[in-house]
Amino acid sequence: MERRLAAVLIADVVGYSRLSEIDEEGTRIRFHTDLHELFEPKIATHHGRLIKTMGDGILVEFHSVVDALRCAVKIQQQKAERNAALRPEQRMFFRIGVNLGDVIVEGEDIHGDGVNIAARLESLAQPGGICISGTAFDHTVHKAEVGFSSLGEQQLKNIADPVRVYRVLLDPSKAGKVVASRRPRRRAIILATLAALLIAAAAIVFAWLWPFVPQRPSVAVLPFVNLSGDPVQDYFTDGITDNLIIDLARLSDIDVISRNSAFAYKGKPYVMADIKRDLGARFVVEGSVRRTGDQIRVNAQLIDAVSGDHLWANRFARGGADVFAVQDELSRQIADALGLELTPSEAERIARPPTANLEAYDYYLRAKQATRTGRRSRMLEALALFDKAEALDPGFAEAFAADAHATAYVWRSAYDDVLQSALARKRAYDKASRALALDPELPSPYAVLAVMQVVDRRYEQAIGSAQKAVSLGPVDAEAHMAFAYVQLISGNHAEAAAAVETALKYDPNLSAIDRYTAGLIFYLQRDYDRAIDNFQRARDGSPGNGDFVTPLAMAYVRSGRLDDARAAVAEGGRLLQGRDCLAGWRIANAHFREEDLAFIVDALREAGLPEWPFGFKGDGHDRLNGDEIGSTVLGKLLRGKTEPLGNPALMQIDLGGKAAFRSATQLMTETVFVDGDLLCEQSENAFGRADCGPVYRHANSPDEAGYTYVNSTKVFYFSPVK
């Protein structure tokens, strides 16, 4: 095995999964075009060696770190010029990390800490930017036409010692400048020195005791492979993996990598070194499931990620009715192979099946698979499947808990076309309460209650529920994210950010909705780089979901990236078919503090998000006042059409304001009233909040309709019939 000092450059495409979702073939072609026309010539010019491409990433070795940095700068500068000539949706950005360090050489490949640090630096870089290590900075500080901004010492994932990190400033006006951290005062230096001495002393004691301290094994259960020959059976295979993760996570003497982080490897090639490095796992469980008719076959093995040794392997071939027995044996045998001694309560909990009804379990697994997409088109399907599971087994606690989680997502996302707000709110409360009545030790229902309660402005109860969720699930990232959301709405942004950090410690690959929450927290903390990173991860985690595209615009605006902000608004509007608007943001987030909501809405307005859906704009000269609105609509049948498809619609309003609205896609009863110069609808939609908007006379309405009414969800062209 050869070791040597090398300059390492790692580049990675920003949001490659999202780009591929939109245009897989075009994205692949653009990446390879950049590789052959941009990277390879620049690498050759600067005397580098292309080691390999890694999916959407590139690994390069240089003899000189100065050459490595100059190469990175030229690549980013030329890539910026190329992007300027493209439409926003065609632009591809790279992040680049450069490090000078020790590498291990195996044939034509290199690996080791020198490479690992470069990879971590790349993840810290901004899109189109470069981050370098302190060792690289020391050798390049005055040898390239760039500036540097010190980010201080950073604790990089799975790197034992902190690493000095510098962001490269590509702006020509910054060339030769080093923006350094402010020097600490004498008193601070003395205190820091004393603290360092205490830490060093503690470290010596800890190092002496360490060999005698029992070590907690860390385990990653990778997604089992579906060998059934039918992709539809993915839900069942994923269910086997999920159940094993849950069972092992219940054991007190083991750390289990979260589902989201483990499932990032689904369908992707990997090597054990990557798992150990990226997930921090000492042991890995991998396997496969074949389901044919009423028979299942599960193969599984436990591997030491350090040595590569196979510590345990087994094959289970049973009838479908024995699936829970297979899962029980699987969990027990892995725990035994790890040398764990189960307590009686742990053994009992593993042995207890979630339900005795296999059909209910099947519906439950299908529902969870539909829920994970986050798409409104699948959420209605998920709720119906949960209903079937619960009807077959009214004692199925996990089904009620997962149902509550999915329903709260529908309610929080204002998916009124899936389930009206009041109904979703009641269902989420009912399902969470039912789950806790069946199993008071489940953390998920408390997390759901915390989110519901804080939106209802029941702050003390919300904090209590969030704390209970965390106490029952101390390593449950969703419990910590519920606590973060409660603190966000309460205006405690620092506490919210701390909870996000804790959640990320247990799950570096948070769900899309949790990444969105993290983005809001960092945005309101004015940490726009981290806000952008989390909003991008939310978008990439739920491809095609416009609800997670528009939020990027607010952070782009505050970062001075107005073109990117407008592109995000345009893309979000396209995906949401024109329904996204400022009025919708106000009503969906009315539970935020007034100043926080204003800080969000003001940025979205600057990014170009329209006030009303479908880009509607009325002429102030044609706007009705309150008295005119009342005489026009109260006690009348309003007949007309709605945007965007010109669907026929009717609104019947009696003199007391009781009303019904019906279109091809919507039927609801409501109360209608005039507030100032606005017409308001109050129904079970929009969290039960009044949805108000202006009425215009002859406002570009189709079919010669006499009036137009607009609010956060509709543009209604109508004429009074009587």
> How many angstroms lie between OH in Tyr409 and OG1 in Thr371, if you round to the nearest 0.5 Å?
Replying inline: 10.0 Å
> side-chain hydrogen bond (donor to acceptor under 3.5 Å, both in side chains) with Lys658: which residues, sequence neighbours excluded?
Replying inline: none
>> Between Asp403 and Thr407, is there a side-chain donor-acceptor contact under 3.5 Å, judged purely by atom types and distance?
In response: yes
>> Are more than 12 heavy atoms, taken from residues, nucleotides or ligands other than Arg593, located less than 6.0 Å from that residue's CZ atom?
In response: yes
> Any donor and acceptor pair, going by atom type alone, linking the side chain of Thr708 with main-chain N or O of Tyr696 inside 3.5 Å?
Replying inline: no
>> Using side-chain heavy atoms (C-beta onward) and a distance below 4.5 Å, is Val13 in contact with Phe94?
In response: yes
>> Checking Arg623 against Val695 for the side chain to side chain contact (heavy atoms under 4.5 Å, CB included) test, could you report, in this order, the C-alpha distance in whole Å, the side-chain angles of both residues, the deciding distance, and whether it holds?
In response: CA-CA 6 Å; Arg623 183 170 170 176; Val695 178; over 6 Å; no
> Rounded to the nearest 0.5 Å, how far does CD1 of Ile521 lie from CG of Asn492?
Replying inline: 11.0 Å
> Between Val633 and Phe718, is a side chain to side chain contact (heavy atoms under 4.5 Å, CB included) present by the stated rule, with each step listed?
Replying inline: CA-CA 10 Å; Val633 306; Phe718 71 91; 4.1 Å; yes
> If you take all heavy atoms of Ala555 and Ala531, which pair is closest and at what distance?
Replying inline: CB-CB, 4.2 Å
>> Is the ring pair Tyr523/Phe599 parallel, tilted or perpendicular, if the boundaries are 30 and 60 degrees?
In response: tilted
>> Taking salt bridge (Lys or Arg N to Asp or Glu O under 4.0 Å) as the definition, give me every residue that meets it alongside Asp514, ordered by chain and number, with sequence neighbours left out.
In response: none
> Is a side-chain donor or acceptor of Gln76 paired with a backbone partner of Gly129 at a separation under 3.5 angstrom?
Replying inline: yes
>> Are Phe386 and His405 packed together at the side-chain level, in the sense that at least one heavy-atom pair is separated by less than 4.5 angstrom?
In response: no
> Among Phe661, Phe616, Trp612, which one satisfies ring pair (Phe, Tyr, Trp, His ring centres under 6.0 Å) with Phe716?
Replying inline: Phe661
> Mind checking whether Ser490 and Val454 have side chains closer than 4.5 Å, heavy atoms only?
Replying inline: yes
>> For a salt bridge (Lys or Arg N to Asp or Glu O under 4.0 Å) check, start with the C-alpha distance between Glu643 and Arg579, then their side-chain angles and the critical distance, and finish with the verdict.
In response: CA-CA 10 Å; Glu643 289 279 16; Arg579 292 179 173 83; over 6 Å; no
> Between the main-chain N or O of Val470 and the side-chain N or O of Asp476, is there a donor-acceptor pair closer than 3.5 Å?
Replying inline: no
>> Within the 4.5 Å heavy-atom criterion, are Glu681 and Tyr709 side-chain neighbours or not?
In response: yes
> Tyr485 versus Ile513: any side-chain heavy-atom pair under 4.5 Å?
Replying inline: no
> Should we say atom CD of Glu460 is surrounded by more than 12 heavy atoms from elsewhere, each under 6.0 Å from it?
Replying inline: no
> For the side chain of Arg539 and the backbone of Leu552, is there at least one donor-acceptor N/O pair under 3.5 Å apart?
Replying inline: no
> Would you call the rings of Phe548 and Tyr516 parallel, tilted or perpendicular if under 30° counts as parallel and over 60° as perpendicular?
Replying inline: tilted
>> Does Val500 form a side chain to side chain contact (heavy atoms under 4.5 Å, CB included) with Phe522? I'd like the steps, not just the answer.
In response: CA-CA 10 Å; Val500 171; Phe522 292 122; 4.0 Å; yes
> Are the side chain of Asp677 and the backbone N or O of Gly626 linked by a donor-acceptor pair below 3.5 Å?
Replying inline: yes
> How long is the gap from OH on Tyr235 to CG on Leu385, to the nearest 0.5 Å?
Replying inline: 10.0 Å
> Looking at Leu597 and Trp585, what are the two nearest heavy atoms and their distance?
Replying inline: CD1-O, 4.1 Å
> With a 4.5 Å limit on heavy-atom distance, are the side chains of Thr33 and Arg82 in contact?
Replying inline: yes
>> Nearest 0.5 angstrom please: Arg662 CZ to Leu667 CG, how far?
In response: 7.0 Å
> Looking only at heavy atoms, which two atoms of Ser712 and Asp691 are closest? And how far apart?
Replying inline: OG-OD2, 2.7 Å
> Is the side chain of Arg30 donor-acceptor paired with the backbone N or O of Arg28 at a distance under 3.5 Å, no angle test?
Replying inline: no
>> A side-chain contact here means heavy atoms from C-beta on lying under 4.5 Å apart; do Lys468 and Leu449 qualify?
In response: no
> Of all heavy-atom pairs between Val569 and Ala553, which one has the smallest distance, and what is that distance?
Replying inline: CG2-CB, 3.7 Å
> With a cut-off of 6.0 Å (strictly less than), are more than 12 heavy atoms of other residues, nucleotides or ligands near NZ of Lys636?
Replying inline: yes
> Would you call Asp540-Arg515 a salt bridge at under 4.0 Å N-O?
Replying inline: no
>> Quick check for you: to the nearest 0.5 Å, what is the distance between Ile463 atom CD1 and Arg458 atom CZ?
In response: 13.5 Å
>> Please check this pair: side chain of Gln487 against backbone of Ala484, looking for a donor-acceptor N/O pair closer than 3.5 Å.
In response: no
> Heavy atoms, side chains only, cut-off 4.5 Å: are Leu624 and Pro694 in contact?
Replying inline: no
>> Do Asp171 and Ser173 pair up side chain to side chain, a donor and an acceptor below 3.5 Å, judged on atom types alone?
In response: yes
> Can you tell me if CZ on Arg639 sees more than 12 non-hydrogen neighbours from other groups inside 6.0 Å?
Replying inline: no
> Once you round to the nearest 0.5 Å, how far does NE2 of His480 lie from OG1 of Thr502?
Replying inline: 6.0 Å
> So, are Arg530 and Asp533 salt-bridged, with charged N and O less than 4.0 Å apart?
Replying inline: no
>> Checking side-chain polar atoms at under 3.5 Å, does Gln126 have a donor or acceptor matched by the opposite partner on Asp529?
In response: yes
>> Quick check: closest heavy atoms across Arg91 and Ala84, and the distance to 0.1 Å?
In response: NH2-O, 4.3 Å
>> Less than 4.0 angstrom from a charged side-chain N to a carboxylate O is my criterion; do Glu390 and Arg434 meet it?
In response: no
>> Can you give me the closest heavy-atom contact between Ala450 and Val486, atom names plus distance?
In response: O-CG2, 3.7 Å
>> Evaluate Arg427 against Asp430 for side chain to side chain contact (heavy atoms under 4.5 Å, CB included), listing each step before the verdict.
In response: CA-CA 5 Å; Arg427 177 178 174 126; Asp430 289 347; 5.7 Å; no
> Under 3.5 Å, is there a donor-acceptor pair between the Asn647 and Ser663 side chains?
Replying inline: no
> Is Arg558 salt-bridged to Glu606, going by a charged N under 4.0 Å from an acidic O?
Replying inline: no
